[in-house]
Peer 1: 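Before we start, here is the structure in question, set down as structure tokens.
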Amino acid sequence: MFETLKTRPADSILALMQMYKDDPRVAKIDLGVGVYKDATGLTPVMRAIKSAEHKLWEEQDTKVYTGLAGDPAFADAMMRLVLADAVARDTVAAVATPGGTGAVRQAFELIKMARPDARVFVSNPTWPNHISILNYVGIEMVPYRYFDDETRGVDFDGMIADIRQAKAGDVVLLHGCCHNPTGANLNMTEWQAVVEVLVETGAVPMIDIAYQGFGDGLEEDAQATRLVVSSVPEALVAASCSKNFGIYRERTGLLMAISQNADARKLHQDTLAFLNRQNFSFPPDHGARLVTMILNDDALRADWMAELEEVRNSMLGLRSQLAGELQRLSGSDRFGFLAQHRGMFSRLGTTAEKVEEMRAKHGIYMVSDSRMNIAGLNAETVPILAEAIIASGI
């Protein structure tokens, strides 16, 4: 049997991580891996997570399975965080998943089950795993224009023209905030225009929100998601706790299926639970329980929000520093987009050859499409990156 297996294409980001580890140079900078790092290069355990874990260790008296959908208290807490009062609770079916990736996978499985001929419209570019999973599940993927390589902003006119080609029963996949891999985001006026196209075409929005709190703030980063779900008959939302709670390895996510037809909620909830059963049965609980404890405890929540704000401001400071350093070295403001982007990532909009030149000559590691993780920098490495960018003729 196994002799029929074929070598799969290597994951470009994981391959880059290995290249970085194998590089003997001391002066090297890792801007490839998609995790937050502090100024020392550490991805720390957040204070509120440590406090919640200590409390859980003292109080938890069983490790028995939760339900197929996970702990309902986790779903309720996350719905309040992401959706607030945008829709009524009885219109939302939800299941816990192994991370945001698990939520995305289960959403695609749901789409395939409900509409086998559905097409999923995906931003160009998008998180590579979106495309990989769509291909694996066997769903047709249609790219829509998103990133403008000249302005390093959103090609909004192109985006609207492309998603207008969606039909009823198709799905439009949107990044709720902090677009990965570009860092370029829509403003609320543009989001309203997207909503109007969704309503006009009858396409179903699917929102992947993996970085709430990393952009303009917890509430600000959820505004677009709340606008969309409150404006359309049906929507899917895949939420991740990996980044904003710093619990990457705990694999903590939530998939929400929203329908204005509240009578259908039981069917939707049962379907989501069925899909969980077919895939992994019971979702991981440890991270979900920590998140629930934090969101339901005033003191823990306040400490978490304060540290999350420190993380967000740190990335904004690095963005401003890098844009300023590049302006000084280049004598132009053509890198001002770096300060305007939000989240962990920015896309420089240069060629794979120049990215390779920065790696070979300067030890700068970023994905070949020029996506870089701003959180991989610190105040000392920003000038080194800026000099490498200018020296490479970007």
Peer 1: Are any side-chain N or O atoms of S370 and backbone N or O atoms of G349, one a donor and one an acceptor, separated by less than 3.5 Å?
Peer 2: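 Yes; judged by distance alone, with no hydrogens or angles, the pair exists.
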Peer 1: Are side-chain heavy atoms of N261 and E234 found at a separation under 4.5 Å?
Peer 2: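 A side-chain contact under 4.5 Å is absent here.
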Peer 1: If you measure from the Lys or Arg side-chain nitrogens to the Asp or Glu carboxylate oxygens, is any gap between D270 and K266 under 4.0 Å?
Peer 2: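 Salt bridge flag = yes for K266 with D270.
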Peer 1: If we ignore hydrogens and angles and just use 3.5 Å, is the side chain of T201 paired with the main-chain N or O of V197 as donor and acceptor?
Peer 2: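 At least one qualifying donor-acceptor pair exists.
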Peer 1: Whether the H362 and E357 side chains hold a donor-acceptor pair (N or O, under 3.5 Å, no angle test) is what I'd like checked.
Peer 2: no
Peer 1: Measure from NZ or CZ of K28 to the centre of the six-membered ring of Y20, then state whether that distance is under 6.0 Å and the direction lies within 45° of the axis.
Peer 2: yes
Peer 1: Are D76 and R89 within salt-bridge range, i.e. N to O under 4.0 Å?
Peer 2: yes
Peer 1: Is there a donor-acceptor contact under 3.5 Å linking the side chains of N296 and R80?
Peer 2: yes
Peer 1: Kindly compute the distance separating CE (M293) from CD (E59), expressed to the nearest 0.5 Å.
Peer 2: 6.0 Å
Peer 1: More than 12 non-hydrogen atoms from neighbouring residues, nucleotides or ligands closer than 6.0 Å to CG on D298, yes or no?
Peer 2: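 Counting neighbours around CG of D298, 12 or fewer heavy atoms of other residues, nucleotides or ligands fall under 6.0 Å, so no.
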Peer 1: On a heavy-atom basis, which atom in V382 and which in L322 lie closest, and how many Å separate them?
Peer 2: CG1-CA, 3.6 Å
Peer 1: Within the structure provided, determine whether V120 and V122 are in side-chain contact (heavy-atom separation under 4.5 Å).
Peer 2: yes
Peer 1: Measuring only between side-chain heavy atoms, which start at C-beta, is E196 closer than 4.5 Å to S231?
Peer 2: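 They are not in side-chain contact.
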Peer 1: Has Q327 got a side-chain atom pairing as donor or acceptor with F335's backbone, closer than 3.5 angstrom?
Peer 2: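 A pair under 3.5 Å: no.
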Peer 1: Determine whether the aromatic ring centres of residues H179 and F147 are separated by less than 6.0 angstrom.
Peer 2: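 No, too far apart.
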Peer 1: Spell out, as yes or no, whether a donor-acceptor pair under 3.5 Å connects the side chain of D170 to the backbone of K167.
Peer 2: yes
Peer 1: Checking Y365 against D23: is there a side-chain donor and acceptor pair closer than 3.5 Å?
Peer 2: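 Their side chains do contain a donor-acceptor pair, which is all the 3.5 Å distance test asks for.
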Peer 1: Below 3.5 Å, can you tabulate the donor-acceptor pairs from side chains in residues 130-141 to any protein atom, sequence neighbours excluded?
Peer 2:
unit_1: H130; atom_1: ND1; unit_2: T126; atom_2: OG1; d: 2.8
unit_1: H130; atom_1: NE2; unit_2: D208; atom_2: OD2; d: 2.7
unit_1: N135; atom_1: ND2; unit_2: I131; atom_2: O; d: 3.3

Peer 1: Find the distance between CD (E356) and OG (S392) and round it off to the nearest 0.5 Å.
Peer 2: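 Between E356 CD and S392 OG, I get 10.5 Å after rounding to 0.5 Å.
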Peer 1: Checking the side chain of S320 only, and the main-chain atoms of G317 only, is there a donor and an acceptor separated by less than 3.5 Å?
Peer 2: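 It does not hold such a pair.
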Peer 1: F345 ring centre to R371 NZ or CZ under 6.0 Å, with the angle to the axis within 45°?
Peer 2: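 Yes - R371 lies over the ring of F345, closer than 6.0 Å to its centre and within 45° of its axis.
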Peer 1: Could you state the interatomic distance from CZ (F74) to OG1 (T292), rounded to the nearest 0.5 Å?
Peer 2: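 Atom-to-atom, F74:CZ and T292:OG1 are 6.0 Å apart.
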Peer 1: Taking the six-membered ring for Trp and the single ring otherwise, decide whether the centroids of Y144 and F121 are under 6.0 Å apart.
Peer 2: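 Not close enough - the centres of the two rings lie 6.0 Å or further apart.
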Peer 1: So, are R312 and E220 salt-bridged, with charged N and O less than 4.0 Å apart?
Peer 2: no
Peer 1: Quick one: does L31's side chain get under 4.5 Å of I364's, heavy atoms only?
Peer 2: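 They are in contact (side-chain heavy atoms under 4.5 Å apart), so the answer is yes.
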Peer 1: Side chains of V199 and V232, heavy atoms from C-beta outward: is any pair under 4.5 Å?
Peer 2: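 Of all side-chain heavy-atom pairs linking V232 with V199, at least one is under 4.5 Å.
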Peer 1: Got a donor-acceptor contact below 3.5 angstrom from the N276 side chain to the T97 backbone?
Peer 2: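 A pair under 3.5 Å: no.
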Peer 1: May I ask you to decide whether K37 forms a salt bridge with D30, counting only side-chain N to carboxylate O separations under 4.0 Å?
Peer 2: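 Salt bridge present between K37 and D30.
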Peer 1: Assess the residue pair E53 and K50 against the criterion (salt bridge (charged side-chain N to carboxylate O under 4.0 Å, His left out)); give the C-alpha distance rounded to whole Å, side-chain angles, the decisive distance to 0.1 Å, and a yes or no.
Peer 2: CA-CA 5 Å; E53 282 193 308; K50 279 186 172 290; over 6 Å; no
Peer 1: Any donor-acceptor pair under 3.5 Å linking the side chain of D38 with the backbone of G41?
Peer 2: yes
Peer 1: Please answer whether the main-chain N or O of R226 pairs with a side-chain N or O of S230 as donor and acceptor at a distance below 3.5 Å.
Peer 2: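 Side chain of S230 to backbone of R226: a pair is present.
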Peer 1: For a salt bridge (charged side-chain N to carboxylate O under 4.0 Å, His left out) check, start with the C-alpha distance between R152 and D148, then their side-chain angles and the critical distance, and finish with the verdict.
Peer 2: CA-CA 5 Å; R152 273 77 160 188; D148 186 324; over 6 Å; no
Peer 1: Of L81, I247, L254, D71, which meets side-chain contact (heavy atoms from CB on, under 4.5 Å) against V291?
Peer 2: I247
Peer 1: Tell me whether Q18 contacts the main-chain N or O of L14 through its side chain, where contact means a donor paired with an acceptor under 3.5 Å.
Peer 2: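 Between the backbone of L14 and the side chain of Q18 there is no qualifying donor-acceptor contact (under 3.5 Å).
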Peer 1: Run the ring-ring contact (aromatic ring centres under 6.0 Å, His included) test against F280 and tell me which residues pass, sequence neighbours left out.
Peer 2: none
Peer 1: For the pair R342 and D221, evaluate salt bridge (charged side-chain N to carboxylate O under 4.0 Å, His left out) and give the outcome as yes or no after the intermediate values.
Peer 2: CA-CA 10 Å; R342 288 293 182 268; D221 289 350; over 6 Å; no
Peer 1: Run through L186, N185, N187 and flag the one making a side-chain contact (heavy atoms from CB on, under 4.5 Å) with V154.
Peer 2: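 For V154, the side-chain contact (heavy atoms from CB on, under 4.5 Å) check succeeds only for L186.
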Peer 1: Does the side chain of R265 pick up a donor-acceptor pair with the side chain of S259 at under 3.5 Å?
Peer 2: no
Peer 1: Is W304 reaching over with its side chain to a backbone N or O of N244, donor-acceptor style, under 3.5 angstrom?
Peer 2: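 Yes, W304 side chain to N244 backbone: donor-acceptor pair under 3.5 Å.
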Peer 1: Determine whether Q321 and L338 make a side-chain contact, defined as any pair of heavy atoms from C-beta on separated by less than 4.5 Å.
Peer 2: no
Peer 1: Could you verify whether a donor N or O on one side chain and an acceptor N or O on the other, from E109 and N279, lie under 3.5 Å apart?
Peer 2: no
